[in-house]
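Here the structure comes first, spelled out in structure tokens, and everything after it is commentary.
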Amino acid sequence: MSDWNESTIRRNLECIHERMAHAAERVGHHVNEITLVGVAKTFPAEAIRLAHAAGVRHFGENRVQEWEGKRAALGDLDATWHLVGHLQNNKAAKAARMFHAVDSVDDFALAQRLDRCMGDPARSGVNAAAGAAGGRRLRVLIEVRLAVEESKSGVQPEELPTLTEKVVELTHLDFAGLMCVPPLFEAAEKVRPFFARLRLLRDDLERQLGRKLPVLSMGMSQDFDVAIEEGATEIRVGTALFGGRGVK
Ligand SMILES: *Cc1c(COP(=O)(O)O)cnc(C)c1O
């Protein structure tokens, strides 16, 4: 099914870095300001290990259960693990325990539950000492739905001002910015308005909250160049790094 191996992952990563550098250069940003999140869904732990050996330090999964199955084999790796897919309330405790970042928060009840789990080490299973010392906060992004599509998760842009006012009050969460998964187009240029919109929404929120929201997670294999031109600080790349997933 998959065709990944050490040399293809290395070569793919070089291509990605080159695309990132060119896109950043076009808008006068430095490529080091952009974080590559390797989205490893459907790929086994060994593929993640190879990508890590090649230099990737952030990884994304879209299912709690899938990551639960892989993480035991990767406990020795120094990396930041992101949940990028929809999170159900009843999996919040597990997610708080197994990820450093939840990039797909789209509901206040979910944010509250994550906050409670982080604040209560016994419940979330996070390292008790770190928890008690208030050491670890869970990095969260709010996922915004920019197109009217029934199946997509994310909050409507109109809901953002109210939701963010409440989320910033949750002391065990580090609310860092916004994320989006726009519709897929054949031509990456068509996605540009969605990326631009997310950046404007972020800028509005910064004014409203009176503080920086440094993270814009947008852009995938097909279109991350355009996302970087529109201000992405994190791109989430699966196929271009690991190869095709076969059935999605
Ligand atoms: C799968 C996935 C990606 C990566 O998609 P590719 O097109 O393979 O790069 C990015 N973000 C989310 C939320 C995903 O589920």
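We count ligands from 1, going down the list as the structure has it; atoms in each ligand are counted the same way.
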Sub-3.5 Å N/O-N/O distance, Val181 and ligand 1
no
State whether the shortest distance between N or O atoms of Gln222 and N or O atoms of ligand 1 falls below 3.5 angstrom.
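No; the residue has no nitrogen or oxygen that sits under 3.5 Å from a nitrogen or oxygen of the ligand.
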Show the atoms of ligand 1 that are less than 4.0 angstrom away from any heavy atom in [X].
X      : answer
Arg236 : 4 (C), 9 (O), 10 (C), 11 (N), 12 (C), 13 (C)
Val237 : 9 (O)
Thr239 : 6 (P), 7 (O), 8 (O), 9 (O)

For atom CD of Glu165, decide whether the heavy atoms of other residues, nucleotides or ligands shown that lie under 6.0 angstrom number more than 12.
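It does: Glu165 CD has more than 12 such atoms within range.
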When you look at CZ of Arg192, are more than 12 heavy atoms from neighbouring residues, nucleotides or ligands closer to it than 6.0 Å?
yes
So if I apply the side chain to side chain donor-acceptor pair (under 3.5 Å) rule between Glu68 and each of Lys94, Arg63, Lys91, which one comes out positive?
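Of the listed residues Lys94, Arg63, Lys91, the side chain to side chain donor-acceptor pair (under 3.5 Å) partner of Glu68 is Lys94.
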Run the ring-centre check on Phe59 versus Trp81 and record whether the distance is less than 6.0 Å.
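Yes; Trp81 has its ring centre under 6.0 Å from that of Phe59.
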I'd like to know whether ligand 1 has Lys41 as a neighbour, heavy-atom separation below 4.0 Å.
yes
Could you pull out every donor-acceptor pair under 3.5 Å between side chains of residues 210-222 and any protein atom, sequence neighbours left out?
| from | atom 1 | to | atom 2 | distance (Å) |
| --- | --- | --- | --- | --- |
| Arg211 | NH1 | Phe175 | O | 3.3 |
| Arg211 | NH2 | Phe175 | O | 3.2 |
| Ser217 | OG | Arg236 | NH1 | 2.9 |
| Ser221 | OG | Thr239 | N | 3.4 |
| Ser221 | OG | Ala240 | N | 2.9 |

